Amino acid sequence: MKISTLFASTLRDVPADAEVVSHQLLLRAGYIRRITSGVYSYLPLMWRTLQKISTIVREEMNRANAQELLMPILQPRELWESSGRWSVYGDELMRLKDRHQRDFCLAPTGEEVITQLAQIEVKSYRQLPLNLYQVSNKYRDERRPRFGLLRGREFIMKDAYSFHASQACLDREYDVMAEAYTAIFNRCGVKTKMVASDSGAIGGAVSHEFMMLTGYQAEAQQSGENDVVHCETSGYAANSEKATSIPQPLAVDGAEPFSQYNGATKVETPYTDSIEKLCKKLKCSAEVICKTLLYVKDDTDFIAVLMRGDYDVEETKLKNTLGALTLRMATEDELTRLYETKKGFVGYYEALCLGETVDLTSVQGKEGTPVSLLVDKTVVPMKNFVIANMEAHVHWVNANWASNCCQTEGITVADVRTVKAGDLCVESNQPLSITRGIEVGNIFQLGTKYSESMQASYTAEDGTEQPFVMGCYGIGVSRVAAAAVERYHDANGIIWPTAIAPYQVIIVPANVKDETQWALANQLYAELKTVLGDDVLLDDRDERAGVKFKDADLMGFPLRITVGKLAGEGKVEAKLRASKDLIILDANEVSTQVKTLLAEWDALSWEPPVV
RNA sequence: CGGGAAGUGGCGCAGCUUGGUAGCGCAUCUGCUUUGGGAGCAGAGGGUCGCAGGUUCGAAUCCUGUCUUCCCGACCA
């Protein structure tokens, strides 16, 4: 390919609406253009990169005995009703109507279609196991598309679905997919960590995500939307939405700071509507405070969550514990309606700490509105702590649980707290660290969730009808590309891992009007095409050398061959994008050296400069 | 969904307060010079100032509505 005819133009200025590095660079280097919020055209350079990623994905999936097919993006409402997800998926489902006012959606994922397909086609256990996949556009009406290709409303995803006659068989496939994924991301040059994750709206039990960690950057520049909790010693790794830990072993006995009070005492704490203010007022640390947060489940049920003051509630964990579809904090209006109290003073001192036994009737709100209690595990061992009692501007200190408190029926004890860096690993008892990450793939054990709701079954060996045991496996193809740019770039532009660079080599004649340089550049171009196929670019533009160097750096090709002043002596310069060094080569050894040079650029060991 | 900001040639911006026939840089095109890290000079083309209504002799500018885009939030009692 000659650059003069390549459909790509570079921008000097950063478009004002691009926030993250990958978005900026892909725009500036002429890879993508936005059509509307969260929707992009992939220009030829981008498309080549995406195809290279897809090819790697296909090769590894095929190697794992999965079969590629292609399912429709446009899907009817009825199909989604049959799985129950037409309503469950919520606003993220991109919905539309046809001319007869029939409802359709654009596929955000493919369980419904594939399960129906299996139901029709697979009749016997003899046809199992089966793993089917596709690479196609997916649609999610994100509440806030952002970060360019990292979170768009339209994106390219590889989604695979496996069908099994037993859990054991699914377990084996799950491991096979985990291996395939590791191979895929390694080949793409994207360093990932497999972490335990929450299964979210797709449902099911066991699931893992493949996270590209971005923690190599200075704190303020860490990109990615997920926090990954991990332990160096045990190898434990989990999304913060799923992670558990041993809480920091701080003194949770408030006897010390409150020694001036004799037993449980009511203390004036005006306007302490945050833990921070309360600590300041009482001159104590947060871990001796028991805070109470009021949540609303599915917009109807009230749940009070008791949490140690220095920890936050992990809402995903809470949601799963409660089996809630939606969850939100109660509004201040609701607090007033239920208890006539203010933010900062929600608490059940009287019900839980006064006397020997708890009185759950007094936990109810006005007019007997039921409120269920959920106690985080960290709260149980607390002694002589601070707790509110619905009375504004007052807290109780030196409070202690009634003796049967956490065993009382109607009080649930569960782990719903957000892991903090420095908490201890449940496996190794060593401190955990937290790093930002970009999710580029995930694997789920769906079990029989979809096969049961959609009544997809096969005839088992014993003649009975059994629902399929299913797994599903996704890779965000377009997100992998953006994530790679997020990881591999410098001040001058993109630095593609060789495997997914749109072109491996760019030949730059410094001055196209110099006949010697021009002739040699063209000769090398022809030679390299025989070695690399169409993976070589010739910058044949009549531009100054500086312009061409800048563009080559911005676009991020791994190897640049400059045909310049040494052309007369039959010599050229080779430069790896990720390196500062120039290598002088004899022109006649270029085609034999190119692959060696490219192999030198090993993306997995490259560390970007800390800016 | 809540809050904030912004829409002016392809990209980045100024002009708006105090209405008077639209400008700068980059990019594009032509010519000359230049030619190893985003060149210089001279010239050219390209915009119904997001859209709709209103005020006015006159609106990019003032008013109303609307659409779009971006940012922050939607997690702490």
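Remember, predicted model here, so these are calculated numbers, not experimental data. Values reported hereafter were calculated over all heavy atoms of this structure, with side chains retained and with hydrogens, waters and symmetry mates removed.
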Tell me what [X] touches on the nucleic acid: a base, only sugar-phosphate, or nothing, going by heavy atoms under 4.0 Å.
X: A:Ala330; value: base
X: A:Ser9; value: nothing
X: A:Val305; value: nothing
X: A:Ala510; value: base
X: A:Asp551; value: base
X: A:Met329; value: base
X: A:Leu27; value: nothing
X: A:Leu278; value: nothing
X: A:Asp553; value: base
X: A:Thr272; value: nothing
X: A:Lys513; value: base

Nearest-angstrom distance, [atom1] atom, [N] to [M]:
N: B:U69; M: B:G50; atom1: P; answer: 16 Å
N: B:C26; M: B:G38; atom1: P; answer: 14 Å
N: B:G46; M: B:C29; atom1: C1'; answer: 11 Å
N: B:U61; M: B:G20; atom1: P; answer: 11 Å
N: B:G58; M: B:C1; atom1: C1'; answer: 43 Å
N: B:G15; M: B:C49; atom1: C1'; answer: 10 Å
N: B:A59; M: B:A52; atom1: P; answer: 14 Å
N: B:G31; M: B:G45; atom1: C1'; answer: 15 Å

Scan every strand shown for a Watson-Crick or G-U wobble partner of [N], both distances under 3.5 Å, and answer none if you come up empty.
N: B:G23; value: B:C13
N: B:C62; value: B:G54
N: B:A6; value: B:U68
N: B:C75; value: none
N: B:G31; value: B:C41

Do the ring planes of [X] and [Y] sit parallel (below 30°), tilted (30 to 60°) or perpendicular (above 60°)?
X: A:Tyr339; Y: A:Tyr348; result: perpendicular
X: A:Tyr271; Y: A:His393; result: tilted
X: A:Tyr42; Y: A:Trp47; result: parallel

Atom [atom1] of [X] to atom [atom2] of [N]: distance rounded to whole Å?
X: A:Asp490; N: B:G37; atom1: CG; atom2: C1'; answer: 13 Å
X: A:Asp539; N: B:G36; atom1: CG; atom2: P; answer: 15 Å
X: A:Asp17; N: B:G4; atom1: CG; atom2: P; answer: 21 Å
X: A:Arg12; N: B:A39; atom1: CZ; atom2: P; answer: 6 Å
X: A:Arg328; N: B:G2; atom1: CZ; atom2: C1'; answer: 14 Å
X: A:Leu327; N: B:C1; atom1: CG; atom2: C1'; answer: 16 Å
X: A:Lys550; N: B:A27; atom1: NZ; atom2: P; answer: 14 Å
X: A:Glu276; N: B:A77; atom1: CD; atom2: P; answer: 9 Å

Just to confirm, is there a sub-4.0 Å distance from OP1 or OP2 of [N] to any side-chain nitrogen or oxygen of [X]?
X: A:Lys565; N: B:G36; value: yes
X: A:Thr418; N: B:C75; value: no
X: A:Ser37; N: B:C70; value: yes

Note to self: Need to verify one output field. Residue with the more 5' nearest nucleotide on RNA chain B, A:Leu566 or A:Asp312?
What the structure shows: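 Final value for this comparison: A:Leu566.
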
Check: Nearest nucleotide by nearest heavy atom, which residue falls closer to the 5' end of RNA chain B, A:Gly546 or A:Val346?
Finding: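 Nearest-nucleotide comparison on RNA chain B picks A:Gly546.
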
Has the side chain of [X] got a donor or acceptor atom sitting under 3.5 Å from an opposite partner on the base of [N]?
X: A:Arg544; N: B:U34; result: yes
X: A:Asp13; N: B:G25; result: yes
X: A:Glu573; N: B:G36; result: yes
X: A:Arg28; N: B:G38; result: yes
X: A:Asn492; N: B:G37; result: no
X: A:Arg560; N: B:G37; result: yes

Flag this pair as yes if the NZ/CZ of [X] is under 6.0 angstrom from the six-membered ring centre of [Y] and inside a 45 degree cone about the axis; otherwise no.
X: A:Lys297; Y: A:Phe302; answer: no
X: A:Arg33; Y: A:Tyr40; answer: no
X: A:Arg417; Y: A:Tyr311; answer: yes

Ignoring hydrogens and geometry beyond distance, is a side-chain donor-acceptor pair present between [X] and [Y] at under 3.5 Å?
X: A:Asp227; Y: A:Asn239; answer: no
X: A:Asp415; Y: A:Thr244; answer: no
X: A:Asp540; Y: A:Ser4; answer: yes

Output the single nucleotide from [options] whose closest atom is nearest the side chain of [X].
X: A:Leu582; options: B:A77, B:U68, B:G36; answer: B:G36
X: A:Phe549; options: B:G37, B:A77, B:G38; answer: B:G37
X: A:Asn511; options: B:U35, B:C13, B:A77; answer: B:U35

